[in-house]
Amino acid sequence: MPILGEISLRNLTGVNPKLRLLCEEAIKESPIDFRVTEGLRTLSRQKHLVSIGASKTLDSRHLTGDAVDLVPWDGGPRWEWPLIYRLAEHIRSVALTHSISVRWGGVWDLAQSFTYTTKPPEELVNAYVSRMEAKGKKAFLDGPHFELCKRSI
């Protein structure tokens with residue numbers, strides 16, 4: 001049975017137990033290998049990520065341990081969207097099984113929890129991008145990011 005590696009486990013230090021459970025359960029039957037690349041962050045790290053455009057806020061859920069970044073892994077990080085969509089679909093399924101309400105960085109403006117959506121992740125992302133374009137804004141896509149919904153903590 002697949003398990004989270006040493007680096008992923010270290011990156012889960014200080015993460016909310018619900019998210020840790022989600023990651024531990026997700027790896028067991030994941031259609032693709034993944035690594036937890038970020039969990040709890042310091043304010044200094046968050047400021048750096050904002051300064052380089054990798055994050056948009058100093059109010060990140062990573063600062064409280066309520067967010068993780070899960071990256072498809074095959075000898076190294078894989079950033080291709082088809083892999084990210086497959087992983088997101090799997091995370092959603094595991095979250096639903098364990099009644100863990102999560103928000104996904106692939107679609108920031110959902111009125112409901114990503115856990116309880118039924119459309120394919122790619123369709124959700126495309127709709128989000130279209131909504132942002134209609135507002136004259138650029139969508140911020142963070143496919144590896146999963147966070148607990150605030151009302152579920």
Side-chain angles (χ1 to χ4, degrees), residues 1-13 15-16 18-41 45-57 60-63 65-98 100-149:
M1 171 187 325
I3 59 170
L4 293 171
E6 183 179 323
I7 293 171
S8 290
L9 291 173
R10 185 171 49 245
N11 289 336
L12 284 171
T13 301
V15 167
N16 185 298
K18 288 181 184 180
L19 272 181
R20 185 179 181 100
L21 172 69
L22 178 63
C23 294
E24 290 170 345
E25 291 300 311
I27 195 68
K28 291 178 182 177
E29 295 183 23
S30 183
I32 55 174
D33 195 12
F34 67 87
R35 181 172 285 178
V36 180
T37 59
E38 295 255 4
L40 181 65
R41 286 184 191 150
R45 170 101 174 118
Q46 189 63 32
K47 286 179 180 179
H48 170 71
L49 292 172
V50 169
S51 75
I52 63 170
S55 181
K56 298 291 182 190
T57 181
S60 171
R61 304 300 303 284
H62 283 283
L63 295 171
D66 294 316
V68 292
D69 291 338
L70 308 178
V71 176
W73 205 265
D74 185 12
R78 300 288 301 272
W79 302 104
E80 299 90 65
W81 276 97
L83 293 174
I84 291 170
Y85 293 141
R86 284 183 66 203
L87 182 56
E89 182 68 48
H90 179 64
I91 296 299
R92 176 171 60 183
S93 173
V94 175
L96 186 60
T97 298
H98 293 278
I100 300 172
S101 187
V102 295
R103 185 177 184 204
W104 177 44
V107 58
W108 289 107
D109 67 346
L110 275 181
Q112 69 184 100
S113 163
F114 173 67
T115 302
Y116 302 103
T117 60
T118 56
K119 292 181 179 174
E122 183 173 8
E123 189 175 323
L124 292 170
V125 168
N126 290 337
Y128 166 58
V129 169
S130 293
R131 286 189 301 274
M132 294 304 288
E133 286 174 351
K135 295 177 182 178
K137 298 181 179 180
K138 186 176 191 288
F140 180 69
L141 299 175
D142 189 0
H145 182 91
F146 296 88
E147 64 183 44
L148 292 175
C149 291

Shortest non-hydrogen contact from [X] toward [Y]:
{"X": "Val102", "Y": "Ala95", "answer": "CG2-CB, 4.2 Å"}
{"X": "Gly39", "Y": "Val15", "answer": "CA-CG2, 3.8 Å"}
{"X": "Ser101", "Y": "Tyr116", "answer": "OG-CE1, 4.0 Å"}
{"X": "Ile100", "Y": "Thr115", "answer": "O-OG1, 2.8 Å"}
{"X": "Leu40", "Y": "Leu63", "answer": "CD1-O, 3.5 Å"}
{"X": "Gly143", "Y": "Trp104", "answer": "O-NE1, 2.7 Å"}

Quick one, [X] and [Y] - any side-chain contact, counting heavy atoms below 4.5 Å?
{"X": "Trp79", "Y": "Pro144", "value": "yes"}
{"X": "Thr37", "Y": "Pro77", "value": "no"}
{"X": "Leu9", "Y": "Asn11", "value": "no"}
{"X": "Ile91", "Y": "Phe114", "value": "no"}
{"X": "Ile32", "Y": "Asp74", "value": "no"}
{"X": "Val107", "Y": "Arg131", "value": "yes"}
{"X": "Leu96", "Y": "Arg92", "value": "no"}

_Can you list everything that forms a ring-ring contact (aromatic ring centres under 6.0 Å, His included) with His90? Sequence neighbours excluded, please._
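With neighbours one apart ignored, the set is empty.
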Euclidean distance, [Y] [atom2] relative to [X] [atom1], rounded to 0.5 Å:
{"X": "Leu141", "Y": "Ile84", "atom1": "CG", "atom2": "CD1", "value": "9.5 Å"}
{"X": "Leu12", "Y": "Ile7", "atom1": "CG", "atom2": "CD1", "value": "12.0 Å"}
{"X": "Thr117", "Y": "Glu123", "atom1": "OG1", "atom2": "CD", "value": "10.0 Å"}
{"X": "Tyr85", "Y": "Leu124", "atom1": "OH", "atom2": "CG", "value": "9.5 Å"}
{"X": "Leu19", "Y": "Phe146", "atom1": "CG", "atom2": "CZ", "value": "10.5 Å"}

*asked:* Does Gln112 have more than 12 heavy atoms from other residues, nucleotides or ligands lying within 6.0 Å of its CD?
replied: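 More than 12 heavy atoms, drawn from other residues, nucleotides or ligands, come within 6.0 Å of this atom.
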*Identify the residue among Arg61, Arg41, Arg35 that makes a salt bridge (Lys or Arg N to Asp or Glu O under 4.0 Å) with Asp69.*
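Among the candidates, only Arg41 passes.
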*Between the main-chain N or O of Glu89 and the side-chain N or O of Ser93, is there a donor-acceptor pair closer than 3.5 Å?*
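No, Ser93 side chain to Glu89 backbone: no donor-acceptor pair under 3.5 Å.
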*Is Ser60 reaching over with its side chain to a backbone N or O of Thr57, donor-acceptor style, under 3.5 angstrom?*
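Checked: no pair found.
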*Check each of His62, His48, Gln46 against Ser55 using the side-chain hydrogen bond (donor to acceptor under 3.5 Å, both in side chains) test, and report the only one that passes.*
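For Ser55, the side-chain hydrogen bond (donor to acceptor under 3.5 Å, both in side chains) test succeeds with only one of His62, His48, Gln46, which is Gln46.
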*asked:* Under the criterion salt bridge (Lys or Arg N to Asp or Glu O under 4.0 Å), I'd like the reasoning laid out for Arg103 against Asp66: C-alpha separation, chi angles, the key distance, then a yes or no.
replied: CA-CA 11 Å; Arg103 185 177 184 204; Asp66 294 316; over 6 Å; no
_Passing candidate, side chain to side chain contact (heavy atoms under 4.5 Å, CB included) with Arg86, options Ser30, Pro72, Pro31_ =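 Answer after filtering Ser30, Pro72, Pro31: Pro31.
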